[in-house]
2 protein chains.
Amino acid sequence: MSRQTVSNALVHPERLKAPTLEKVQSVIAELGYRPSSAAQSLRSQRTGAVGFELLAIGSANRNEIIYPFTVALSEMAIGHNCHVVTFSAAGAQSPTEGYEDMIRAQVVDAFIIADTHKGDPRPAWLDKAGVPYAAFGRVWGRPDITSWADVDGAAGLRDATNHLFAVGYAQGGYLGWPFGSSIGDERRRGWIEATTASGRSLGPEAQAEQDLDAATDAAYDLIEQVGRGGAIACASDLLAMGVERAARRRGWVPGRDVGMTGIDDSSYAGMLKLTSVSQPVTTIADYLLGLVHKRLEGGPPPESGALFRPALVTRASSDPNT
Amino acid sequence: MSRQTVSNALVHPERLKAPTLEKVQSVIAELGYRPSSAAQSLRSQRTGAVGFELLAIGSANRNEIIYPFTVALSEMAIGHNCHVVTFSAAGAQSPTEGYEDMIRAQVVDAFIIADTHKGDPRPAWLDKAGVPYAAFGRVWGRPDITSWADVDGAAGLRDATNHLFAVGYAQGGYLGWPFGSSIGDERRRGWIEATTASGRSLGPEAQAEQDLDAATDAAYDLIEQVGRGGAIACASDLLAMGVERAARRRGWVPGRDVGMTGIDDSSYAGMLKLTSVSQPVTTIADYLLGLVHKRLEGGPPPESGALFRPALVTRASSDPNT
DNA sequence: CTGAAAGCGCTTACAG
DNA sequence: CTGAAAGCGCTTACAG
């Protein structure tokens, strides 16, 4: 069996006749042969690795999403014939230092970036360096960049609000963040759309920062306004936790006396039996890896960014019969 | 400047005279040259990568630790001249399938493993395959394996208990898990040791499963036993959260009327202002990477496993003046 | 289908 | 210090 034939069996199986191919494949399976990735990398000038920066700092809220996303990337990598290299440039001079290092040492071919924000220097640096990348989260302030995927927060709130009406709550209020945050405003829009589409008038609403005491205080008054038998859709799990605490403080049973929903399906949402909306991290990871793969093959960028619909996870906090 | 000299400058700088070395280094810095890791891997038969399996499933409790640990590994990798490849063998036939794949494709030289448990097939498989590894967490049931590091839970509870006494709580009770869990028993031992060493008698204690309602119910009676001005050291943040809820249910202010401490410094500990004990993930990641590095160099395994002391993070829940 | 060759970029041993 | 060579394990182009 020539070296050429084995290589063809792996790379261009269509060049071999069926019986030869099968013979080669069975021997490969028997010996457990796998081509050396180092040699393949050297030959192809591709590493087959995608870099993903993990930041040490970060709000609890953010980490609740980034960890599942990291797992999702690692899971989906196999299907894209690549693996994920995580890195963290603690104490770096510039936000792109870690990226420069990875590229120069040719450890990765491309990056998935997260936590994009206004004025983020990474997209521009990566573009200039000619390194493919795709972002988890919109690339704010750069409408020309379309290689991103994000969660459809409006759809999440629509689903949560519709669910609250469907299980029989009389009125649906809203606890959100102060106006002006893009993500917060989008989620609130979902609540408005679902309420309006159901033919109801908007319930009472309030705003609180992403802080438990502030949320609890705001919710204490708000749940009195919706009254027993009403429900509150929230812009985050933390705000929903505030509603839960406010209910307890009034002696109301969450779910039975007042319903509530959060967003992100964080660890404490499960602990508190809060209905929430689970971010479609696996779908997003798969999509983003597909994007960088296409860019590596020289394909064009997508027409536009992609929004993915999260999935409702119902728990006792939105069950009037609790 | 010969290829040989440049290579020597990087690998054996002591072979060059100072002026030559400096000249080479300045040119390297100017061009931003970094040796291709693919070529180095092929040559050395080492990839310079350490694999780390991320599991999709897992309790919220566990994920609160594994994510910071993953970040710590990525941060510490630079110092060990390696990088971290995360993988996840979702839908694998056996728990070692992902490991086999990574080794056969020669993507990594070694592994860091977490979530070791009794009957875990991974250590035996890795030993048989001759692949170096080190574990975050004791390798239960295999006292012969010493390549592990873990958190000293007894020290954590000692520190928490001593702190509660130091800030002036009259009595220190304990809320733990049902007896028989190794980690739980170790943490309880820390509470007993600190209490005894302070010359006090043990305060009241209770047990609850790692479930919020169970913890809240158990804590409701327990805090009445310690009384106002007392405090409860807990085996986990979730149990401490139960104490916090029980205090609120009684109309007591956490910190002022009853103190409480948790373990792990999870996201919700910060949200609820719970004093907790932060796992030394960075120290552990650094130690474990050092271990696998030594094994790769052919060094002997350590004499014994290593326990690292966690760090107390004080917040309002253990402040009588709140 | 086989077989011999070339080259990806390193590191090392060796002769000068 | 230089320079020429070898080899790590692949993939590909090419002659047979």
Side-chain angles (χ1 to χ4, degrees), chain A residues 1-49 81-83 85 100-110 130-131 293 296-298, chain B residues 1-49 81-83 85 100-110 130-131 293 296-298:
Chain A
M1 197 61 50
S2 79
R3 162 198 291 269
Q4 178 81 268
T5 309
V6 176
S7 198
N8 280 336
L10 289 164
V11 189
H12 306 286
E14 76 284 358
R15 290 188 188 166
L16 303 189
K17 281 191 196 136
T20 324
L21 180 59
E22 276 162 34
K23 207 193 299 173
V24 178
Q25 285 172 336
S26 81
V27 176
I28 285 174
E30 196 182 319
L31 300 176
Y33 171 79
R34 291 273 262 112
S36 147
S37 63
Q40 283 181 318
S41 298
L42 184 56
R43 174 74 236 256
S44 66
Q45 302 296 84
R46 287 276 180 81
T47 66
N81 242 314
C82 67
H83 43 267
V85 174
E100 293 177 48
D101 267 13
M102 298 291 276
I103 284 300
R104 279 213 299 250
Q106 296 167 58
V107 174
V108 301
D109 302 320
V131 180
H293 207 260
L296 280 168
E297 307 292 295
Chain B
M1 197 59 52
S2 78
R3 162 199 288 266
Q4 176 83 264
T5 309
V6 176
S7 197
N8 280 335
L10 289 164
V11 189
H12 306 287
E14 75 285 356
R15 289 186 188 168
L16 303 189
K17 283 190 196 139
T20 325
L21 180 58
E22 276 162 36
K23 208 193 300 171
V24 179
Q25 283 172 339
S26 81
V27 176
I28 284 173
E30 197 182 318
L31 300 177
Y33 171 79
R34 291 270 265 113
S36 147
S37 63
Q40 284 182 317
S41 297
L42 183 57
R43 174 74 239 253
S44 66
Q45 303 294 85
R46 286 279 179 79
T47 65
N81 243 313
C82 67
H83 43 267
V85 175
E100 291 177 49
D101 267 12
M102 299 291 275
I103 285 299
R104 278 214 298 248
Q106 295 166 60
V107 174
V108 301
D109 302 320
V131 181
H293 207 260
L296 280 168
E297 306 293 294

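A quick note: this is a predicted structure, and the numbers were derived from the prediction, not measured. Lettering follows sequence order; numbering is per chain, from 1.
- An OP1 or OP2 oxygen of dG9(D) is reached within less than 4.0 angstrom by no side-chain nitrogen or oxygen of Q40(A).
- R15(A) comes within 4.0 angstrom of the backbone, heavy atoms only, and of no base.
- Phosphate contact (OP1/OP2 of dT12(C), side-chain N/O of H12(B), threshold under 4.0 Å): present.
- A salt bridge does not link K23(B) to E30(B): none of the charged side-chain nitrogens sits closer than 4.0 Å to a carboxylate oxygen.
- Looking only at side-chain heavy atoms (C-beta outward), R15(B) and L21(B) stay at 4.5 Å or farther from each other.
- Taking a pair to require two hydrogen-bonding distances under 3.5 Å in either a Watson-Crick or a G-U wobble arrangement, dA4(D) remains unpaired.
- The distance between atom CG of N8(B) and atom C1' of dC14(C), rounded to the nearest whole Å, is 13 Å.
- Atom pair R43(A):CZ and dG7(C):C1' shows a separation of 7 Å (rounding to whole Å applied).
- Put simply, the side chain of R34(A) never gets that close to the backbone of Q106(B): no donor and acceptor are under 3.5 Å apart.
- With R46(B) contributing its side chain and L296(B) its backbone, the two residues share a donor-acceptor pair below 3.5 Å.
- Contacts of L10(A) with the nucleic acid, taken as non-hydrogen atoms under 4.0 Å apart, are absent.
- The distance from atom CZ of R46(B) to atom C1' of dG9(C) is 19 Å, rounded to the nearest whole Å.
- Checking side-chain atoms of S7(B) against main-chain N and O of R3(B) turns up no donor-acceptor pair under 3.5 Å.
- Per the geometry, CZ belonging to R3(A) stands 13 Å off P belonging to dT2(C), to the nearest Å.
- The interatomic distance linking L42(A) (CG) with dA6(C) (P) rounds to 17 Å, in whole Å.
- Distances shown here put every side-chain N or O of Y33(B) at or beyond 4.0 Å from the OP1 or OP2 atom of dG9(C).
- Checking the phosphate oxygens (OP1, OP2) of dC10(D), no side-chain nitrogen or oxygen of S7(A) falls inside 4.0 Å.
- Listed pair Q45(A) / dG7(C) fails the phosphate criterion, with no side-chain N or O lying under 4.0 Å from OP1 or OP2.
- dC8(D) atom C1' lies 10 Å from atom CD of Q106(B), rounded to whole Å.
- Residue S36(B) is classed as a sugar-phosphate contact, given heavy-atom separations below 4.0 Å to backbone atoms only.
- Taking atom CZ of residue R104(B) and atom P of nucleotide dG9(D), one finds them 17 Å apart after rounding to whole Å.
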